[in-house]
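Only one structure is covered here, and it is reproduced in the block below.
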Amino acid sequence: MSDKILIWLRNDLRLNDNPALLAAMKSGTDVCAIFIHEVGEGARKMGSASRWWCENSLKNLQTTLAAHKIPLMIEEGNAADILNHYAKQQGFDKIYWNRRYLPYERDYDARIKADFQKAGIEAISFHGNLLLEPWQVRPAGENPYKVFGAYERAVRKILGTTGFAETGREIELSLSSLPNQSRSEDFWAQKFELLWDIGEGAAQQKLDDFLNDNLQTYKQDRDRPDKQGTSLLSPHLRFGEISPRQIWQKAAFISDMNDALAEGAQKLMSELLWRDFHYYQAFYLPDIARFDMRDTLQNLQWQNDDALIKRWQKGQTGFPIIDAGMRELWATGYMHNRVRMLVASFLTKNLMVDWRIGEAWFWDTLLDADAASNPGNWQWVAGCGFDAAPYFRVFNPVLQGQRFDAQGHYVRQWVPELASMPDRWIHQPSDAPQAVLAEAGVVLGQTYPLAMVNLKATQAAFKQAMKKDFDQPDLF
Ligand SMILES: Cc1cc2nc3c(=O)[nH]c(=O)nc-3n(C[C@H](O)[C@H](O)[C@H](O)COP(=O)(O)OP(=O)(O)OC[C@H]3O[C@@H](n4cnc5c(N)ncnc54)[C@H](O)[C@@H]3O)c2cc1C
């Protein structure tokens, strides 16, 4: 009888606070790890940008695991077939993993678990990817929480009394400094390597830098795309290079110890809860990347005009903050949260394009593309998500730009052809007097596009297209 344990890594590419890995290492048996780029039922196929991040993160992890004598195999294909192959070839008798929560992932993992158990291989799953697992947050009534505020209160009540009861599982492994990687692929995402440090060590460093430098102003600055006011931890969280519990614990500690930083720390904790909340919702619903969570948009005929969609993707809409966001995304694999809301609102409510089309573009181009947060946020903005802004709340990209990027720094960075526009007109060049445009060297329709739609008219058309009054959701 062999005594080998296989760890199946998925969204948890780290050594610390990794319950499945810790349990295997504690057992003192031979441990090896596998990551599978899944093809088929078990997981949504990664987009290009996140796949690039994942590959580099795996290279880092391979090195750090090797230092602990754990080989990491990387495969691509049908997960069940590959795991069975390794079971036969290497004769492990236990397989461990940290749980995932989307319905198609859970069904698939349950089947694999049952099949292994029939074959005499013990499959054990752990809680490692969320602050709390969906079933730990029980509402008073029968139905799961649909409103973030109620969900947040419930979670804080649980964590306030027990904390992370399982944090004793945190492992104390020191990471050796990560080696330089050789990346040979020549494709669009390759340029990201100049911008991002990948891996568990980089994630911890980024958290510490953020807590030291930005926490005090986080609450005010997190809505400002013209400032670097947020943590930029999302791609690290997406691949589990850092766990939400590790962030929460540090933030909670700071909140208790330092009054000046408490507000920022509490805000960061709330944002982490939004991540959990999207998984919580996804857990109880059919595939949220495909189906509307609520039927609020049922009567809407999406227009889905290819030419308009292309202009949105390329950042050529004629609305500077929208174009800046879409260009930031293409250049960096990231977009500021406030601007994500604006570009999503513009696509769905001004261009009347199905939110699934925007979600798919984000899925392919975001480094942090997340199977719960991406569709969850798109539905939230479009007006069919739970706890979403009502459908009639359409963001005005000109007013939003003037409010959150008042001097136009963000626009000037990503839309350099407008760099010389005065602050007064930077967010609405299509309305600027001819003399102002000439002075700034802008020729509308040539150096920068004319606004592609009339905001007021498209907003009115969107509301008209709904053809029914907004149904208040069954909030509780
Ligand atoms: C249309 C749209 C699509 C989005 N798609 C994704 C996605 O695919 N992946 C993703 O991680 N986030 C997504 N978000 C949420 C949010 O924009 C990012 O999490 C945030 O911009 C990441 O930057 P940060 O790490 O600096 O955030 P910080 O402000 O530092 O927040 C810390 C962490 O909290 C979590 N968080 C913050 N806001 C949200 C939120 N609204 N929903 C869920 N988690 C949140 C993230 O894990 C984030 O890393 C989307 C938002 C919108 C409006």
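Counting starts at 1 for both ligands and their atoms, following the listed order. We're numbering straight along the sequence, starting at 1. These values consider heavy atoms only, across backbone and side chains, with no hydrogens, waters or symmetry-generated copies.
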For Leu233, counting its heavy atoms only, list the atoms of ligand 1 lying under 4.0 Å from any of them. 25 (O), 49 (O)
Could you tell me whether Asp197 atom CG has more than 12 heavy atoms of other residues or ligands within 6.0 Å of it? no
Going by the rule salt bridge (Lys or Arg N to Asp or Glu O under 4.0 Å), which residues pair with Asp305 if we only count those two or more places apart in sequence or in a different chain? none
Pull out every atom of ligand 1 sitting under 4.0 Å from any heavy atom of Asn337, numbered as shown with elements. 15 (C), 16 (C), 17 (O), 21 (O), 51 (C)
Side chains of Gln266 and Arg156: any donor to acceptor distance under 3.5 Å? yes
Pull out every atom of ligand 1 sitting under 4.0 Å from any heavy atom of Ala369, numbered as shown with elements. 8 (O)
Applying a 4.0 Å heavy-atom criterion (strictly less than), which segment of Tyr334 is in contact with ligand 1: side chain, backbone, both, or neither? side chain
Donor-acceptor contact present, side-chain Asn11 to main-chain Phe239, <3.5 Å: no
Please could you name the atoms of ligand 1 that His278 approaches to less than 4.0 Å, counting only its heavy atoms? 42 (N), 43 (C)
Does any N or O of ligand 1 fall below 3.5 Å from an N or O anywhere on Asp368, backbone included? yes
Considering only the protein, which heavy-atom contact is closest to atom 3 (C) of ligand 1, and what is its distance? Asn374 OD1, 3.4 Å
May I ask you to say whether Arg311 pairs ionically with Asp323, meaning some side-chain N is under 4.0 Å from a carboxylate O? no
With atom 33 (C) of ligand 1 as the reference point, say which of Leu237, Asp370, Val339 has the nearest heavy atom. Leu237
List ligand 1 atoms under 4.0 Å from Arg275, heavy atoms only on the residue side. 43 (C), 44 (N), 47 (O)
Using non-hydrogen atoms of the residue, decide whether Arg238 is closer than 4.0 angstrom to ligand 1. no
Indicate whether the side chain of Glu133 and that of Tyr101 have a donor and an acceptor atom separated by less than 3.5 Å. yes
Could you check Phe277, Tyr284, Phe283 and say which one makes a side chain to side chain contact (heavy atoms under 4.5 Å, CB included) with Gln281? Phe277
For atom 50 (C) of ligand 1, the option (of Asp276, Asn377, Leu268) bearing the nearest heavy atom: Asn377
For Leu366, atoms of ligand 1 separated by under 4.0 Å from a heavy atom: 5 (N), 8 (O)
In this structure, does ligand 1 have an atom that sits under 4.0 Å from one of the heavy atoms of Tyr218? yes
Does NZ or CZ of Lys191 fall inside the cone over Trp330's six-membered ring, less than 6.0 Å from its centre and within 45° of the axis? yes
Around atom NZ of Lys250, are there more than 12 heavy atoms of other residues, nucleotides or ligands at under 6.0 Å? yes
Suppose I only count heavy atoms of Leu232 and a 4.0 Å limit; which atoms of ligand 1 are within that range? 24 (P), 25 (O), 26 (O)
Below a 4.0 angstrom heavy-atom separation, can you tell me which part of Trp380, side chain or backbone, both or neither, approaches ligand 1? neither
With side chains defined as the heavy atoms from C-beta onward, is the minimum distance between Cys384 and Leu297 less than 4.5 Å? yes
Any idea which atoms of ligand 1 are less than 4.0 Å away from a heavy-atom of Ser234? 11 (O), 22 (C), 23 (O), 25 (O), 49 (O)
Closest approach of any protein heavy atom to atom 36 (N) of ligand 1, naming residue and atom: Glu271 O, 3.4 Å
Ligand 1 to Trp378 polar contact by distance, N or O atoms, under 3.5 Å: no
Under 4.5 Å between any side-chain heavy atoms of Trp312 and Ile322, yes or no? yes
Salt bridge Arg44-Glu359, side-chain N to carboxylate O under 4.0 Å: yes
Closest to atom 6 (C) of ligand 1 among His336, Arg340, Glu359, Arg222 (heavy-atom distance): Arg340
Tell me which protein heavy atom sits closest to atom 30 (O) of ligand 1, plus the residue, atom name and distance to 0.1 Å. Ser231 OG, 2.5 Å
